[in-house]
Protein chains: 2
Amino acid sequence: MNLTIAEENYIKAIFHLQQAEGNVSTNQLAASMHTKPASVTDMLKKLTNKSLLEYEPYQGVRLGKEGKKQALSIVRKHRLWEFFLVDKLQFGWDEVHEVAEELEHISSKKLVDKLDAFLGFPKFDPHGDPIPDMNGNMVSIRQFNLIDVKQKTLVEVCSVGSQSAELLELLRHKNIVIGTQLQIVRKFDFDHSVEINIENKPTITISQQLAQALFVKLV
Amino acid sequence: MNLTIAEENYIKAIFHLQQAEGNVSTNQLAASMHTKPASVTDMLKKLTNKSLLEYEPYQGVRLGKEGKKQALSIVRKHRLWEFFLVDKLQFGWDEVHEVAEELEHISSKKLVDKLDAFLGFPKFDPHGDPIPDMNGNMVSIRQFNLIDVKQKTLVEVCSVGSQSAELLELLRHKNIVIGTQLQIVRKFDFDHSVEINIENKPTITISQQLAQALFVKLV
DNA sequence: TAAATTATTTAGATTTGTCTAAAAATAATT
DNA sequence: AATTATTTTTAGACAAATCTAAATAATTTA
Ligand SMILES: [Mn+2]
Ligand SMILES: [Mn+2]
Ligand SMILES: [Mn+2]
Ligand SMILES: [Mn+2]
């Protein structure tokens, strides 16, 4: 099962999109891949022929068994390389995504497994996302979207919703990193902004958009 | 100057071929790329348009200034990654070439320079070939082809002519590695085989083909 | 439920990198 | 120098991945 880089990127995008919703629509996929719906349809047919997808025209798509396996392998590579870049090469956690986007397509399985061992079998990447092991298993900690957490609950930031440079810039400015512990002080119904308190720091307010981009776990 | 993977592979092949001879012929290039002469001609036109080559139809090709710069960058990446695989991930030196063939196309310059620092700015790759630095400079030790060395001269193996699995298998069997010191005992005119003596070991005979694949320096 | 809107697919074109077969240029032999 | 052999280029085709524009299906609205 040799996939091209383009095919791998589609598989990975479907994997991420179907976490949230069940079937992934052509338009969703086109938006996420920065491409046109017509191109998506072409690729869906191709990947269906390779029996990686379950695809019914007009009904959206989801990964089949083999597709899921491939997706986990790509995600594993992506996150291991991100860990390598931050842990060994002193990259900032906000500058590794683009590079990992290329490195994830290096095919050697031996390389990935040796890299994993070299890094000490890390369980999470620099953004708090779990790293699948050799068999595609990953720890699934109960994660909550910050917007859904109720007042006063003490939580710890464990991942972010995207790796966009804009988000990471804002997080840096607000002094929020993976591991930051905080409490929701108050929620404003008007704009759904959220007042939060980070330990030993003055209370600040963050927007609905930012709160939705933060995933936390109970401490 | 963004090059595709195919373009980079051509640039690198031309670089290696023109070390030996001046102008590189279409057929040489086709053989080395495992492709057809017609495909080579197409690519030469394309790369000439990007002003990376000096190419005169029917007269062969050589790298222009910009092409040489690109080639050195690719070679640098290839050899640094090979060093990484052997030194950090415990790969054998005879199994890194294929993987580096993919890794050399990762584009981030920051990645390469940080990798270089992480590895301690190595000067040679696992096959004894010099690694260009950030500015494209590399140490050039006087290397000789073993077949050209005269009797009795004590030399040290410092690089091999190719990375083919077949060659590396043979070297392993003969117990020859980078750094092995040896003397030529005798040359046979009939088949150009060479009798060599490795320190503290019984004298052995190697074929013309193998002797031509070994590069040595005076000790 | 009929019309309007939105989502998706098809049709046809383009770019990249490759191929085979045929033509043209160069080099080697008589 | 003429012929033969080799090398190289051109011509035309193809698969992969993309696009735009047009057609069709599904959904929403009135
Ligand atoms: Mn990618
Ligand atoms: Mn990540
Ligand atoms: Mn390569
Ligand atoms: Mn090498």
Side-chain angles (χ1 to χ4, degrees), chain A residues 1-15 17-18 20-63 67 70-71 74 101-102 104-105 107, chain B residues 1-15 17-18 20-63 67 70-71 74 101-102 104-105 107:
Chain A
M1 187 54 51
N2 280 342
L3 303 180
T4 66
I5 292 178
E7 288 170 339
E8 286 192 349
N9 283 332
Y10 272 95
I11 292 287
K12 195 182 61 162
I14 295 169
F15 177 84
L17 287 171
Q18 81 176 24
E21 328 199 8
N23 271 25
V24 178
S25 76
T26 301
N27 267 4
Q28 272 183 295
L29 207 38
S32 130
M33 303 279 303
H34 305 106
T35 184
K36 297 283 141 45
S39 307
V40 171
T41 302
D42 288 346
M43 186 57 94
L44 292 184
K45 283 181 191 165
K46 199 179 148 199
L47 293 174
T48 303
N49 279 339
K50 294 197 174 188
S51 46
L52 295 161
L53 307 180
E54 287 166 23
Y55 165 61
E56 210 65 58
Y58 294 101
Q59 299 313 130
V61 72
R62 88 185 70 186
L63 292 178
Q70 293 290 335
I74 302 161
E101 203 58 43
E102 289 184 54
E104 72 190 355
H105 304 292
S107 56
Chain B
M1 186 58 48
N2 279 343
L3 302 181
T4 67
I5 291 178
E7 289 169 337
E8 287 192 347
N9 284 332
Y10 272 95
I11 291 286
K12 195 182 60 161
I14 296 168
F15 176 84
L17 288 172
Q18 81 175 24
E21 328 199 8
N23 271 25
V24 178
S25 77
T26 302
N27 268 4
Q28 272 184 294
L29 207 38
S32 129
M33 303 281 302
H34 305 107
T35 183
K36 295 285 143 45
S39 307
V40 171
T41 302
D42 288 347
M43 185 58 93
L44 291 184
K45 284 181 191 165
K46 200 178 148 200
L47 293 174
T48 304
N49 279 338
K50 294 196 175 190
S51 47
L52 294 161
L53 306 180
E54 286 165 24
Y55 165 59
E56 209 65 58
Y58 294 100
Q59 300 311 130
V61 72
R62 85 186 71 187
L63 293 178
Q70 294 291 332
I74 301 160
E101 204 58 42
E102 289 184 54
E104 71 190 355
H105 304 291
S107 57

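At D:dT8, none of the side-chain N or O atoms of B:Lys36 fall inside 4.0 Å of OP1 or OP2 (strictly under the cut-off). OP1 or OP2 of D:dC19 has at least one side-chain nitrogen or oxygen of A:Ser39 nearer than 4.0 Å. Checking the phosphate oxygens (OP1, OP2) of D:dT9, a side-chain nitrogen or oxygen of B:Thr26 falls inside 4.0 Å. A sub-4.0 Å separation between OP1 or OP2 of C:dT8 and a side-chain N or O of A:Asn27 is present. A:Tyr10 has a side-chain polar atom (N or O) that falls below the 4.0 Å cut-off from OP1 or OP2 of D:dT18. The side chain of B:Tyr58 places no N or O atom within less than 4.0 Å of a non-bridging phosphate oxygen (OP1 or OP2) of C:dA23. At C:dT16, none of the side-chain N or O atoms of B:Thr4 fall inside 4.0 Å of OP1 or OP2 (strictly under the cut-off).
Nearest to the side chain of A:Ala38, among C:dA11, D:dT8, C:dT16, sits C:dA11. If you check D:dT10, C:dT18, C:dT8 against the side chain of B:Thr35, the one that comes closest is C:dT18. Among the nucleotides C:dT9, C:dT18, D:dT8, the one closest to the side chain of B:Ser25 is D:dT8. Each of D:dT8, C:dT26, C:dT18 was ranked by its minimum atom distance to the side chain of B:Gln59; first place goes to C:dT26.
Put simply, the side chain of B:Asn9 never gets that close to the backbone of B:Met33: no donor and acceptor are under 3.5 Å apart. In this structure a side-chain-to-backbone donor-acceptor pair under 3.5 Å is present from A:Gln18 to A:Leu63. Judged by distance alone, with hydrogens and angles left aside, the side-chain atoms of A:Gln70 form no donor-acceptor pair with the main-chain N or O of A:Ile11 at under 3.5 Å. No donor-acceptor pair under 3.5 Å is formed between the side chain of A:Gln28 and the backbone N or O of A:Leu17.
Distance, B:Asp42 CG to D:dC14 C1': 13 Å, rounded to whole Å. In this structure, B:Tyr55 places its OH atom 9 Å from P of D:dT8, rounding to the nearest Å. Nucleotide D:dA16 holds its P atom 13 Å from the CG atom of A:Leu3, rounded to whole Å. As rounded to whole Å, 14 Å separates atom C1' of D:dT8 from atom CD of B:Glu56. Remark: C1' of C:dT18 and CE of B:Met43 are 9 Å apart, rounded to the nearest angstrom. Distance CD1 (A:Ile5) to P (D:dA15): 22 Å, rounded to an integer number of Å. Look at CG on B:Leu44: it is 13 Å from C1' on D:dT7, rounded to the nearest Å. Look at CD on A:Gln28: it is 13 Å from C1' on C:dT8, rounded to the nearest Å.
Base pairing annotation: D:dC19 forms a Watson-Crick or G-U wobble pair with C:dG12, both donor-acceptor distances under 3.5 Å. Summarising the base pairing, C:dT20 is matched to D:dA11 through a Watson-Crick or G-U wobble pair whose two defining distances lie under 3.5 Å.
Among B:His105, B:Glu7, B:Glu101, the single residue meeting the side-chain hydrogen bond (donor to acceptor under 3.5 Å, both in side chains) criterion with B:Lys12 is B:Glu101.
Contacts of B:Pro37 with the nucleic acid, taken as non-hydrogen atoms under 4.0 Å apart, include base atoms.
Atom CG of residue B:Asn2 and atom CD of residue B:Glu8 lie 9.0 Å apart, to the nearest 0.5 angstrom.
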